[in-house]
Amino acid sequence: MRVLIQGASIAGPVLAYWLTQSGHDVTVVERAPGLRKTGGHAIDLFRPAMEISEQMGVLPRIEARATGTAIMTAHRPWSSRPARIDYLKLEKTMSDRHVEIMRDDLSEIYYDAARDDVEYLFDDHIASISEDGDVTFGRTSGRRFDVVVGADGLHSGVRQLVFGEVSERFLGGYLSVVSVPKSLAREREMTGYFEPNRVAMVYTADHLDDARAVFIFRPRSTIDFDHRDAARQKDQLRAAFAGTSVEVDSWLDELGRTPTFYFDAITQLEMPTWSRGRVTLVGDAGYCPGPAVGGSTSLAVYGAYVLACELARANGDHAVAFAAYERTMMPSVLGSRKLARVNAKTIVAGSRLGVMGLIGLGRLISALPLRATQTIARLNNRGVRLYDTMPLPETTPRLHSGL
Ligand SMILES: Cc1cc2nc3c(=O)[nH]c(=O)nc-3n(C[C@H](O)[C@H](O)[C@H](O)COP(=O)(O)OP(=O)(O)OC[C@H]3O[C@@H](n4cnc5c(N)ncnc54)[C@H](O)[C@@H]3O)c2cc1C
């Protein structure tokens with residue numbers, strides 16, 4: 001089968017790898033001129049995504065690139081003493097098998113896994129898709145494909161072409177990630193400033209040349225947000241964090257010279273189905289639970305793997321495969337939406353009491369024995385442990401193809 005995937009971040013390269021394992025011809029088109037080494041936040045890989053990565057043979061590389069953050073220092077405006085939270089214990093409480101890694105590192109590792117077996121078209125995009133699978137591109141000449149997959153993120157072009165405007169839920173906040181000099185962060189520590197309606201943090205990792213400042217905020221009134229207008233977003237960010245602290249000011253001072261800047265509204269997609277004809281969506285393009293609040297990356301890796309399994313199992317009948325893919329994914333997608341809505345309110349609490357509760361919980365987990373915190377967390381497989389308990393399909397794409 002000839003498969004075209006749009007998007008070379010996380011979902012795209014993972015799907016491309018697994019489709020080549022089942023013997024399909026795979027082309028990936030990506031609008032950036034090369035793999036996007038453009039920063040972004042650290043992301044969490046939970047157990048199923050770790051197991052999929054292990055099957056791909058890339059787990060040792062992923063683990064070698066872990067951020068290594070061990071401690072979180074949490075400042076609050078009403079206390080002169082910052083709280084120290086055991087970050088490793090927090091992670092181990094949430095997941096039995098987990099790694100925190102930068103998005104761009106992970107993207108590169110997945111891309112390398114199948115780069116020689118996949119045709120990559122950078123600096124291009126899909127311009128049109130016909131019902132028969134005829135595709136035109138912005139630059140490359142048109143071709144026919146059996147299946148087209150949108151792995152092109154929250155603002156997916158494939159989704160726009162095939163579904164038009166779809167239902168989205170704004171979760172009330174914005175996320176920004178700014179690359180800042182490494183000297184502004186401390187080794188193995190995440191330094192955070194927590195206030196009602198705004199949180200700012202900075203951290204780095206041994207292998208990085210820079211540090212990443214992360215800002216999450218809920219404006220009191222709606223802001224005029226345009227996801228393509230970085231200059232206006234920077235002004236909005238400065239205004240939102242004015243007066244937080246001298247240290248946060250030093251991160252904001254970098255906005256004028258930062259080489260990488262990410263800003264997005266924390267928005268959730270609410271599509272009841274994400275396949276039509278020969279086209280389906282994977283990862284954020286189809287079921288983004290919300291940047292920063294929803295475990296989107298693990299869901300994207302899992303979704304790519306499930307789709308590849310179902311295409312292999314259906315022996316090329318994409319209608320059968322897409323229906324099975326959606327059935328398998330739906331419980332996790334619905335769970336992730338619910339969890340992200342809760343997280344959006346908890347991570348950036350709207351009141352002083354909420355901030356105190358969040359930091360208090362972090363301190364409690366730090367103080368209790370790990371076995372106790374894990375036992376309590378395991379009672380909540382639909383909440384904090386959702387991403388650890390997504391069931392992997394019983395077979396792999398490799399087995400079906402007989403390779
Ligand atoms: C540069 C970058 C920084 C990010 N930083 C953060 C962050 O700090 N925090 C966070 O929570 N999430 C961030 N994300 C999103 C995060 O990667 C995803 O939520 C998650 O990993 C799922 O990945 P995905 O592959 O489904 O989508 P994405 O990671 O969003 O990748 C989509 C890919 O499709 C490409 N693309 C988009 N539109 C088109 C088009 N029309 N034509 C061709 N290609 C297209 C994009 O360039 C990108 O490579 C970032 C994504 C990117 C691309």
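Order of appearance sets the numbers: ligands from 1, and atoms from 1 within every ligand.
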Indicate yes or no: does an N/O atom of A292 lie under 3.5 Å from an N/O atom of ligand 1?
yes
Sub-4.0 Å heavy-atom approach of D124 to ligand 1:
yes
Nearest option to atom 51 (C) of ligand 1, as decided by whichever heavy atom of R103, H155, E30, R31 sits closest:
R103
Can you find an N or O of S9 that's nearer than 3.5 Å to an N or O of ligand 1?
yes
If we number the atoms of ligand 1 from 1 as shown, the ones under 4.0 Å from a heavy atom of G153 are 27 (O), 30 (O), 32 (C)
Answer side chain, backbone, both or neither: which part of A151 comes under 4.0 Å from ligand 1, heavy atoms only.
backbone
Return the orientation label for the F122 and Y111 ring planes: parallel under 30°, perpendicular over 60°, tilted otherwise.
perpendicular
Presence of salt bridge, R238 and D235, under 4.0 angstrom
yes
Could you say whether the N/O atoms of A11 and ligand 1 ever approach to under 3.5 Å?
yes
Counting from 1, what ligand 1 atoms have a heavy atom of G283 closer than 4.0 Å?
26 (O)
Indicate, as side chain, backbone, both or neither, the part of V177 found under 4.0 angstrom from ligand 1 when only non-hydrogen atoms are considered.
side chain
Are there more than 12 heavy atoms of other residues, nucleotides or ligands under 6.0 Å from atom CD of E270?
yes
Could you check whether F241 and F217 have their ring centres less than 6.0 Å apart?
yes
Would Y87 and E100 count as a side chain to side chain donor-acceptor pair (under 3.5 Å) here? Give the steps.
CA-CA 11 Å; Y87 196 76; E100 187 187 70; 2.6 Å; yes
Can you confirm, on distance only, whether ligand 1 has an N/O atom lying under 3.5 Å from any N/O atom belonging to A32?
no
Short version for H41: what comes under 4.0 Å of ligand 1, heavy atoms counted, is both
Student check: side-chain heavy atoms of P13 and V28 closer than 4.5 Å
no
Whether K182 and D210 form a salt bridge (side-chain N of Lys/Arg under 4.0 Å from carboxylate O of Asp/Glu) is what I want to check.
no
Please determine if H125 has a nitrogen or oxygen closer than 3.5 Å to a nitrogen or oxygen of ligand 1.
no
Proximal atoms of ligand 1 relative to P291 (non-hydrogen, under 4.0 Å):
11 (O)
Contact with ligand 1 for L175, non-hydrogen, under 4.0 angstrom
yes
Any heavy atom of Q6 under 4.0 Å from ligand 1? The part involved is side chain
Cationic N near anionic O, under 4.0 Å, E119 to R143:
yes
Qualifying residue for ring-ring contact (aromatic ring centres under 6.0 Å, His included) with Y174, from F225, Y262, F215:
F225
Would you call R188-D206 a salt bridge at under 4.0 Å N-O?
yes
